[in-house]
Amino acid sequence: MTIVARTPGAMRRLALAWRRQGRTIGLVPTMGALHSGHASLIERAARENDRVVVSIFVNPKQFGPNEDFARYPRAFASDRRLCARAGAHAVYHPQVAAMYPEGFSTSVKVHGLSELLCGAFRPGHFEGVATVVLKLLEAVGPDRSYFGEKDYQQLVIIKTMARDLDLPGAIVGCPIIRERDGLALSSRNRYLAPQERAWAAELNAALRLAVKALRAGASPRQAEASAKRHLVKSIPLIRIDYVSVVDAKTLLPAGRPQEKRRKIRVLAAVRLGNTRLIDNLATSC
Ligand code: AMP
């Protein structure tokens with residue numbers, strides 16, 4: 001069974017003991033309600049490190065006032081079993097009061113990147129993410145930390161924070177794990193009613209359509225428009241936050257083909273009923 005650390009101090013002592021034994025440490029930060037996407041990160045961390053810590057913490061600072069913090073799924077017992085099966089040695093599971101004791105007043109913000117894309121629709125979200133990830137990295141001191149490309153903007157922001165603040169250890173991006181119909185696995189998929197679940201696959205279909213259009217010579221804006229048309233046509237009452245074709249590093253809108261061979265990412269966020277879904281695909285143009 002995995003060891004459970006419940007405070008930053010307990011986590012720090014465990015990691016220190018491992019380091020003194022010469023063990024390398026991999027960290028997989030999560031909010032729990034774990035699925036095969038999380039398992040793929042844990043398995044990779046277990047292949048590449050002597051010891052693996054999975055943090056499970058539903059971080060209030062990354063939820064807006066009208067978002068789903070209170071109803072976000074919490075399933076610690078089954079999460080812990082999944083962590084053990086996937087090869088984790090410890091679960092770091094602090095309570096909110098242990099992470100943010102009274103008087104907590106520090107935040108970390110990666111400027112610019114945090115305001116784009118999802119940041120424009122979820123003010124303060126990436127500041128909450130960067131703050132908690134820095135705290136997790138400080139408590140564990142990992143050699144490598146693993147993040148999914150599912151949250152592509154988050155991955156770019158964490159890499160930027162790690163570079164800017166000279167954080168030791170590597171930030172490793174991992175591929176998106178999907179259902180057979182293309183829907184990216186997400187803890188939030190369980191909110192979807194059966195009909196919404198069927199429609200949700202069209203999000204990935206729309207992104208694939210955009211990539212196909214780009215490869216056929218369409219401009220980034222044309223590709224975005226074709227993906228949006230597909231979404232509106234195939235999902236009744238969908239609300240589209242954005243579909244954006246961006247430079248994979250800067251996350252700024254991709255330009256015309258004179259910038260050929262740049263790495264491009266097509267990202268989208270939509271709302272089906274009360275559920276917000278995100279997805280993205282890589283390409284080049
Ligand atoms: P979360 O618990 O949603 O905060 O996710 C924790 C980590 O798992 C993040 O780095 C996510 O990007 C990653 N993750 C979530 N879903 C997937 C997926 N379908 N495939 C790969 N990684 C994922």
Side-chain angles (χ1 to χ4, degrees), residues 26-48 52-64 67-69 71-76 78-80 82-83 86-88 91-94 96 99 117-118 122 125-137 140 142 144-162 169-192 197 200-201 203-204 207 248 251 265 267-269 275-282:
L27 169 66
V28 182
T30 80
M31 296 208 299
L34 303 179
H35 50 65
S36 316
H38 299 110
S40 73
L41 271 57
I42 301 167
E43 285 159 7
R44 175 149 177 206
R47 285 196 300 275
E48 298 179 356
V52 173
V53 178
V54 179
S55 63
I56 298 181
F57 180 61
V58 185
N59 174 31
K61 290 200 184 294
Q62 67 189 74
F63 289 79
E67 294 185 352
D68 55 345
F69 175 69
R71 73 174 180 130
Y72 196 85
R74 289 156 172 92
F76 184 69
S78 57
D79 283 352
R80 192 176 169 195
L82 182 146
C83 288
V91 174
Y92 178 27
H93 185 49
V96 172
M99 289 295 264
L117 303 167
C118 282
R122 304 185 70 189
H125 168 69
F126 288 115
E127 212 170 319
V129 170
T131 303
V132 80
V133 170
L134 182 58
K135 283 177 66 76
L136 297 170
L137 291 171
V140 177
R144 296 173 198 84
S145 302
Y146 296 82
F147 293 86
E149 291 183 346
K150 160 80 178 12
D151 299 273
Y152 186 77
Q153 183 175 11
Q154 168 175 287
L155 172 62
V156 173
I157 287 172
I158 300 299
K159 279 187 174 167
T160 304
M161 172 177 79
I171 304 297
V172 183
C174 303
I176 303 174
I177 306 299
R178 300 179 179 281
E179 305 276 10
R180 290 169 77 97
D181 64 3
L183 177 65
L185 297 190
S186 164
S187 307
R188 290 191 167 99
N189 290 352
R190 66 187 68 187
Y191 298 154
L192 297 167
R197 169 62 191 84
L203 175 57
N204 185 244
L207 293 180
L251 303 186
R265 208 89 193 180
L267 298 97
T275 311
R276 188 171 189 273
L277 299 176
I278 59 172
D279 196 0
N280 67 86
L281 285 179

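Residue numbers count from 1 along this sequence. For ligands, and for the atoms within them, numbers begin at 1 and follow the listed sequence. Note that the coordinates shown come from a computational prediction; the quantities given were computed from them, not determined experimentally.
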Just let me know how [X] lines up against ligand 1, side chain, backbone, both or neither, with a heavy-atom cut-off below 4.0 Å.
{"X": "His35", "value": "side chain"}
{"X": "Pro175", "value": "backbone"}
{"X": "Leu34", "value": "neither"}
{"X": "Pro29", "value": "backbone"}

side-chain contact (heavy atoms from CB on, under 4.5 Å) evaluation trace for Ile278 with Cys118: CA-CA 9 Å; Ile278 59 172; Cys118 282; 4.0 Å; yes
Does ligand 1 come near enough to [X] that some N or O of the ligand is less than 3.5 Å from an N or O of the residue?
{"X": "Met31", "answer": "yes"}
{"X": "Ile176", "answer": "no"}
{"X": "His38", "answer": "yes"}
{"X": "Thr30", "answer": "no"}

Where is the nearest protein heavy atom to [atom]: which residue, which atom, and how far?
{"atom": "atom 12 (O) of ligand 1", "result": "Asp151 OD2, 2.6 Å"}
{"atom": "atom 23 (C) of ligand 1", "result": "Lys150 CB, 3.9 Å"}
{"atom": "atom 20 (N) of ligand 1", "result": "Ile177 N, 2.9 Å"}

Verdict with reasoning, Asp79 to Val54, per side-chain contact (heavy atoms from CB on, under 4.5 Å): CA-CA 10 Å; Asp79 283 352; Val54 179; over 6 Å; no
Gly148, Gly173, Ser187: member with heavy atom nearest to atom 13 (C) of ligand 1: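 Going through Gly148, Gly173, Ser187 one by one, Gly148 has the nearest heavy atom to atom 13 (C) of ligand 1.
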Where ligand 1 meets Leu185 - atom numbers and elements under 4.0 angstrom, heavy-atom basis: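 The list of qualifying atoms is 16 (N), 17 (C), 18 (C), 19 (N).
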Residues Phe57, Tyr92; criterion ring-ring contact (aromatic ring centres under 6.0 Å, His included); working and verdict: CA-CA 8 Å; Phe57 180 61; Tyr92 178 27; 8.2 Å; no
Salt bridge check, [Y] against [X]: does any charged N sit closer than 4.0 Å to a carboxylate O?
{"X": "Asp68", "Y": "Arg276", "result": "no"}
{"X": "Lys61", "Y": "Glu127", "result": "no"}
{"X": "Arg265", "Y": "Glu149", "result": "yes"}

Residue pairs fulfilling side chain to side chain donor-acceptor pair (under 3.5 Å) with at least one residue in residues 171-180, sequence neighbours excluded: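 For residues 171-180, and leaving out neighbouring residues, the side chain to side chain donor-acceptor pair (under 3.5 Å) pairs sorted by first residue read Arg178-Asp279.
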Ring geometry between Phe76 and His93 (parallel below 30°, tilted from 30 to 60°, perpendicular above 60°):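 His93 vs Phe76 ring planes: parallel.
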Note, Leu117 side chain near Leu251 side chain (heavy atom, < 4.5 Å):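 Yes, side chains in contact.
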